[in-house]
Trainee: 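First the structure, then my questions, so here it is.
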Amino acid sequence: MPVCNIEISDVARKGGKLFINGTLFCSNPENNIPRLKAVFSVSSRTRRIPIPILEEGDGYIKFGHVYLLDKLFFNYKNDGDVKLTFELWLGDTRCEIESVKFLSSLPSGISAEKDGLCVSKKIAAKKTYINIFQLDLRSAVKRVIYTPMVWALDVYFSAYKKLHPVKPNRVTFMSGRRCELGGNMEFVWNELKDDKDLELKTMFFAQTGMFQMVKVLPEFLKLYATSKVVVVDDFFRLLNTFKRQRDTRIIQLWHACGAFKTFGYTRLGKPGGPHQFDKNHRMYDYAIVSSNEIARHYAEGFGISDSAVLATGIPRTDIFFDGNYKKNVKQRLYDKYPTLKGKKVLLFAPTFRGNGQVTAYYETDKIDINALKETLGEDWAIIIKLHPFCKERLEFDEKYSDSVIDMSNEDELNDLLFITDLLVTDYSSCIFEASLLNIPMVFYVFDLEEYIRDRDFYYEFDSFTPGKIVKTQSELLSCIKNGDFEANKIEAFKNKFFDNTDGKSSQRVAKLISDIVRGDI
């Protein structure tokens with residue numbers, strides 16, 4: 001384990017703001033990307049926040065940032081001193097912080113600790129106000145226009161909550177990304193549906209705009225006010241708009257396995273990243289992940305305590321351990337696409353580029369499906385599965401229409417894995433599910449350096465990926481022709497990112513919900 005030392009050159013505070021600048025000294029012989037974190041703790045709560053690196057040289061890193069002490073935790077109650085420690089990762093290796101030295105005197109109320117510093121709770125209690133002129137245009141407009149409206153609705157919601165207390169057995173599944181039960185939610189629902197002691201409710205809609213959100217607002221307020229447990233599977237904007245009941249608990253199932261691309265508060269200071277004071281995600285009482293290895297990444301991304309992240313396993317992955325499900329899915333797909341039967345299948349499933357649904361795209365000129373099919377030969381078929389956000393479509397010769405099928409607009413990606421013999425992808429999280437079936441993978445990453453710069457990963461890409469990495473079409477074709485997939489990496493990858501491969505993840509999440517309702521936790 002590499003050993004590092006930190007010298008703090010400046011510590012100051014103004015109201016609820018903590019200013020800190022310093023230098024970290026540590027050798028990095030493998031030239032991995034350094035990731036420096038500030039870990040704040042108060043009582044049993046923690047918050048891990050990236051520290052921006054201002055300058056990197058040979059053996060040293062200069063850093064500095066401003067932290068809002070009163071906005072570290074969601075609905076922060078000042079019940080203790082704030083302690084700050086440091087955490088550094090070089091690639092997948094955590095470095096030991098041997099010493100933290102302060103080069104100047106500390107202001108009143110801030111004291112030095114062996115591995116960091118301690119800020120008196122009296123300082124942390126001071127309110128920090130956000131200057132709208134320091135925000136980006138979108139955030140500033142939102143605060144000026146929407147804040148009065150939200151305040152009025154919140155007054156109404158507060159009155160509604162007093163008249164409608166929480167129903168102790170009501171569990172509501174909410175999603176703003178789907179119109180019907182599906183994904184992780186469906187698996188957990190099926191585990192709970194026969195429990196007569198529970199009252200299960202749903203509220204689904206696709207967030208297509210403000211009008212749609214206003215339309216569902218009455219139903220949302222009713223269910224949010226009266227539910228003991230609220231289960232979500234993605235960012236759900238309305239949750240951070242209104243203050244919930246004291247007895248309501250929120251569980252985030254999320255929709256992806258593992259931890260690959262950085263998201264949420266890990267992206268502080270990057271294009272499209274949030275502000276530290278944003279409320280998004282921070283209200284979760286529990287977040288469900290696939291392994292303890294990635295728990296810290298989700299705690300950081302969601303802005304929640306490490307203890308709130310539970311490695312129960314991802315409910316929808318239970319299908320990969322269900323022989324009957326696998327058999328039925330394969331039969332359904334072969335009945336629907338009879339030309340696939342008897343052939344090996346290459347699944348081409350890249351993710352999108354861009355900052356989100358509105359700007360999403362894929363560079364279709366980077367892949368020649370005709371050349372790919374010619375390389376594979378007659379024994380193979382190709383399934384194309386572009387990300388749902390992408391509007392582009394790949395072109396290919398009509399003579400291949402029987403053995404090249406574009407399923408971008410249909411069928412569940414996970415189901416397609418059951419008939420896949422080779423997965424060609426890039427930065428898609430489907431690699432986690434593919435590893436459960438031991439599917440060989442090729443990573444076609446023609447824009448890797450650019451993607452790392454703009455999006456970044458939680459792990460070093462070269463050491464993380466469970467398959468062959470190629471950057472050009474010719475390398476891709478050569479790799480496939482030679483059968484060079486480096487599939488020996490899959491087993492270690494799977495063991496790292498899945499603690500449980502028993503097909504009982506849905507049961508564990510269902511038990512968590514039942515325990516909350518019954519007051520066991």
Side-chain angles (χ1 to χ4, degrees), residues 1-2 28-35 87-95 254 256-263 266 288-301 309-321 326 346-347 349-351 413-414 417-418 420-445 448 451-452 456-471 475-476 479-480 482-505 508:
M1 176 186 294
N28 186 4
E30 297 182 6
N31 200 30
N32 289 315
I33 298 174
R35 295 177 174 87
E87 189 176 286
L88 174 68
W89 292 78
L90 296 175
D92 296 347
T93 304
R94 181 174 178 175
C95 303
W254 206 229
C257 289
F260 195 1
K261 297 165 288 191
T262 57
F263 71 97
T266 304
I288 302 305
V289 297
S290 60
S291 74
N292 284 302
E293 160 70 27
I294 64 172
R296 59 187 170 88
H297 300 313
Y298 276 79
E300 180 182 296
V309 183
L310 305 180
T312 62
I314 305 302
R316 61 182 174 77
T317 62
D318 288 350
I319 62 172
F320 297 107
F321 309 97
K326 178 180 180 179
L346 181 150
L347 174 61
T351 192
L413 176 57
N414 284 344
L417 293 175
F418 287 113
T420 296
D421 297 282
L422 175 63
L423 172 64
V424 177
T425 184
D426 44 23
Y427 318 112
S428 172
S429 63
C430 68
I431 64 174
F432 295 100
E433 289 87 346
S435 74
L436 293 174
L437 296 175
N438 297 309
I439 299 173
M441 302 174 225
V442 178
F443 294 82
Y444 179 38
V445 288
L448 179 59
Y451 203 90
I452 290 175
D456 204 4
F457 304 98
Y458 285 108
Y459 299 90
E460 297 294 318
F461 191 83
D462 290 351
S463 62
F464 165 84
T465 49
K468 182 77 170 181
I469 298 174
V470 297
K471 296 184 179 181
E475 288 180 353
L476 172 63
C479 163
I480 291 174
N482 297 326
D484 180 18
F485 307 134
E486 299 181 7
N488 59 304
K489 297 179 179 179
I490 296 175
E491 190 65 24
F493 176 90
K494 178 170 55 177
N495 293 336
K496 183 174 185 175
F497 292 102
F498 292 94
D499 287 350
N500 301 289
T501 53
D502 56 2
K504 297 180 180 180
S505 297
R508 285 185 284 272

Trainee: Can you see which heavy atom on L423 is nearest to which on T420, and at what distance?
Mentor: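 Minimum heavy-atom contact is N-CG2, 4.1 Å.
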
Trainee: Closest heavy-atom contact between F443 and I431?
Mentor: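 Closest heavy-atom pair between F443 and I431: CE2-CG2, 3.6 Å.
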
Trainee: Is the backbone of K504 close enough, under 3.5 Å, to the side chain of D502 for a donor and an acceptor to pair up by distance?
Mentor: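 Yes, D502 side chain to K504 backbone: donor-acceptor pair under 3.5 Å.
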
Trainee: Return the CG to CG distance between L436 and L417, rounded to the nearest 0.5 Å.
Mentor: 9.5 Å

Trainee: Using only atom types and a distance under 3.5 Å, with no angle test, would you say the side chain of T425 pairs donor to acceptor with the backbone of A349?
Mentor: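 Here the side-chain-to-backbone pair exists.
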
Trainee: Shortest non-hydrogen contact from A434 to M441?
Mentor: CB-CE, 3.8 Å

Trainee: Are the side chain of K261 and the backbone N or O of Y427 linked by a donor-acceptor pair below 3.5 Å?
Mentor: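 It does hold such a pair.
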
Trainee: Tell me whether K326 at atom NZ has more than 12 heavy atoms from other residues, nucleotides or ligands lying less than 6.0 Å away.
Mentor: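 Atom NZ in K326 is not crowded, with 12 or fewer foreign heavy atoms closer than 6.0 Å.
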
Trainee: Roughly how far, to the nearest 0.5 Å, is NE2 of H297 from OG1 of T266?
Mentor: 8.5 Å

Trainee: Kindly determine whether I294 and R296 satisfy side chain to side chain contact (heavy atoms under 4.5 Å, CB included), including the steps that lead there.
Mentor: CA-CA 6 Å; I294 64 172; R296 59 187 170 88; over 6 Å; no

Trainee: Run R35 and T262 through side chain to side chain contact (heavy atoms under 4.5 Å, CB included) and show every step you take.
Mentor: CA-CA 12 Å; R35 295 177 174 87; T262 57; 5.7 Å; no

Trainee: Any salt bridge between E433 and R316, counting N to O under 4.0 Å?
Mentor: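 Counted as a salt bridge, because a side-chain N and a carboxylate O are separated by less than 4.0 Å.
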
Trainee: May I have the step-by-step check of side chain to side chain contact (heavy atoms under 4.5 Å, CB included) for C479 and Y444, ending in yes or no?
Mentor: CA-CA 10 Å; C479 163; Y444 179 38; over 6 Å; no

Trainee: So which heavy atom on S505 is nearest to which on T317, and how close?
Mentor: OG-OG1, 4.3 Å

Trainee: Any donor and acceptor pair, going by atom type alone, linking the side chain of D499 with main-chain N or O of N292 inside 3.5 Å?
Mentor: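 Looks like yes, one N/O pair under 3.5 Å.
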
Trainee: Could you walk me through whether F418 and F320 satisfy the ring pair (Phe, Tyr, Trp, His ring centres under 6.0 Å) test, starting with their C-alpha distance in whole Å, then the side-chain angles of each, then the deciding distance to 0.1 Å, before giving a yes or no?
Mentor: CA-CA 9 Å; F418 287 113; F320 297 107; 5.4 Å; yes

Trainee: Indicate the atoms forming the closest heavy-atom contact of P466 with I490, along with that distance.
Mentor: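 Residues P466 and I490, closest heavy atoms: O-CG1, 3.7 Å.
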
Trainee: Do the side chains of Y459 and F260 get nearer than 4.5 Å, heavy atoms only?
Mentor: no

Trainee: Measuring from atom CD of E460 to atom CG of N31, what distance do you get when rounded to the nearest 0.5 angstrom?
Mentor: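 If we round to the nearest 0.5 Å, E460:CD and N31:CG are 9.0 Å apart.
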
Trainee: Would you check, one step at a time, whether the test side chain to side chain contact (heavy atoms under 4.5 Å, CB included) holds for L346 with I480?
Mentor: CA-CA 10 Å; L346 181 150; I480 291 174; 3.9 Å; yes

Trainee: How many angstroms lie between CD1 in I439 and SG in C430, if you round to the nearest 0.5 Å?
Mentor: 9.0 Å

Trainee: So, D426 side chain and T351 main chain: donor-acceptor pair closer than 3.5 Å or not?
Mentor: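 Such a contact is found between D426 side chain and T351 backbone.
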
Trainee: For the residue pair F497 and F464, is the inter-centroid distance of their aromatic rings smaller than 6.0 Å?
Mentor: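 Yes - the distance between ring centres of F497 and F464 falls below the 6.0 Å cut-off.
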
Trainee: Given 3.5 Å as the limit, does a donor-acceptor pair link the side chain of S290 with the main chain of I314, or not?
Mentor: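 The answer is no, because no donor-acceptor pair under 3.5 Å joins these two groups.
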
Trainee: Quick check: Y298 with F263 (ring centres under 6.0 Å apart)?
Mentor: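 So the answer is yes for these two rings.
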
Trainee: Hey, what's the ring geometry for F457 with Y451, parallel, tilted or perpendicular (30° and 60° as the breaks)?
Mentor: parallel

Trainee: Could you tell me the separation between the CG atom of L90 and the CG atom of N28, rounded to the nearest 0.5 Å?
Mentor: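 Interatomic distance, L90 CG to N28 CG, rounded to 0.5 Å: 4.5 Å.
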
Trainee: Any chance you could measure I33, atom CD1, to W89, atom CH2, to the nearest 0.5 Å?
Mentor: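 Rounded to the nearest 0.5 Å, the CD1-CH2 separation comes out at 15.0 Å.
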
Trainee: With a 4.0 Å cut-off on N to O distance, would you call R508 and D318 a salt bridge?
Mentor: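 Salt bridge flag = no for D318 with R508.
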
Trainee: Do you know the tightest heavy-atom contact between V445 and F461?
Mentor: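 For V445 and F461, the tightest heavy-atom pair comes out as CG1-CZ, 3.7 Å.
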
